[in-house]
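See structure below.
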Amino acid sequence: MMASSTAERIAGIVAANDVVLFMKGIPAAPQCGFSATVVQILSRLEVPFESVDVLADFEIREGIKAFSSWPTIPQLYVKGEFIGGCDIVREMFQAGELSTVLAEKGVAVGAL
Amino acid sequence: MTPAALEVEDESALHAGHGGATRRADGGITHLRVRVVAQAFAGKSRVECHRLVNALLAQEIAEGLHAIAIDAKAPEQKAPGE
């Protein structure tokens, strides 16, 4: 079980940022190929996003898996909604759906 | 789940030793790629499809599998020529 304070911290981060990526490493230096892929896609779309390095915080690393009942990292959230991990984000990007979802949720996208 | 098609690849060696990767003491699989076509995915969102696959792998995840690349599709979603 995750400590409720960790769940609250995660909920706070997700609520406070329109687009937030829980990843391994930082956008400038991802520590995992799956995280790197999502960073590249968000950069391609010119979407401003907040990132959380789960390698720097063990409680978040474990807590985020319980938060969305999703066992892997990265995890992308838009306006509080869990969008998916690397494969889902890539499929949505390739199908043009990611920009649509961002636009529908009122997130400014630099590139279409 | 009764898949119409299923491919599973062990990609652990490709990721050995990267940041955050934990080598398993038992030498088990850490990175898995799963391609599955099943009627069970019909009408479901991508997140729901992935959750079905993740649920089937819950035991392996608990034992140290930590990355699963998933391509889950319903039979009618197969791209032409696939």
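These values consider heavy atoms only, across backbone and side chains, with no hydrogens, waters or symmetry-generated copies. Below, chains carry the letters A, B, ... as their sequence lines are ordered, and counting in each starts from 1. Treat the numbers as computed from the prediction; the structure is a model and nothing was measured.
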Gap separating the CD1 atom of B:Ile68 from the CG atom of A:Asp87, nearest 0.5 angstrom: 10.0 Å
Separation of B:Leu57 CG from A:Thr72 OG1 (nearest 0.5 Å): 10.5 Å
Contacting moiety of A:Ile83, where chain B heavy atoms sit under 4.5 Å: backbone
Same apolar cluster: A:Phe93 and B:Ile70, side chain cutoff 4.5 Å: no
Nearest heavy-atom neighbours spanning A:Pro71 and B:Asn54: CD-ND2, 3.4 Å
A:Ile73 with B:Val53, same ILVMFWY side-chain cluster at under 4.5 Å: no
hydrophobic_cluster_shared for A:Trp70 and B:Leu32, side chain cutoff 4.5 Å: no
Neighbours of chain A found in residues 40-50 of chain B - heavy atoms under 4.5 Å: B:Arg46, B:Val47, B:His50
A:Phe82 with B:Ile61, same ILVMFWY side-chain cluster at under 4.5 Å: no
same_hphob_cluster(A:Val52, A:Ile26) at 4.5 Å side-chain heavy-atom cutoff: no
From CA spacing to verdict: side chain to side chain contact (heavy atoms under 4.5 Å, CB included), B:Asp71, A:Glu91: CA-CA 9 Å; B:Asp71 181 355; A:Glu91 281 181 26; 4.2 Å; yes
Counterpart residues, side chain to side chain contact (heavy atoms under 4.5 Å, CB included), relative to B:Leu56 (two or more places apart): B:Met1
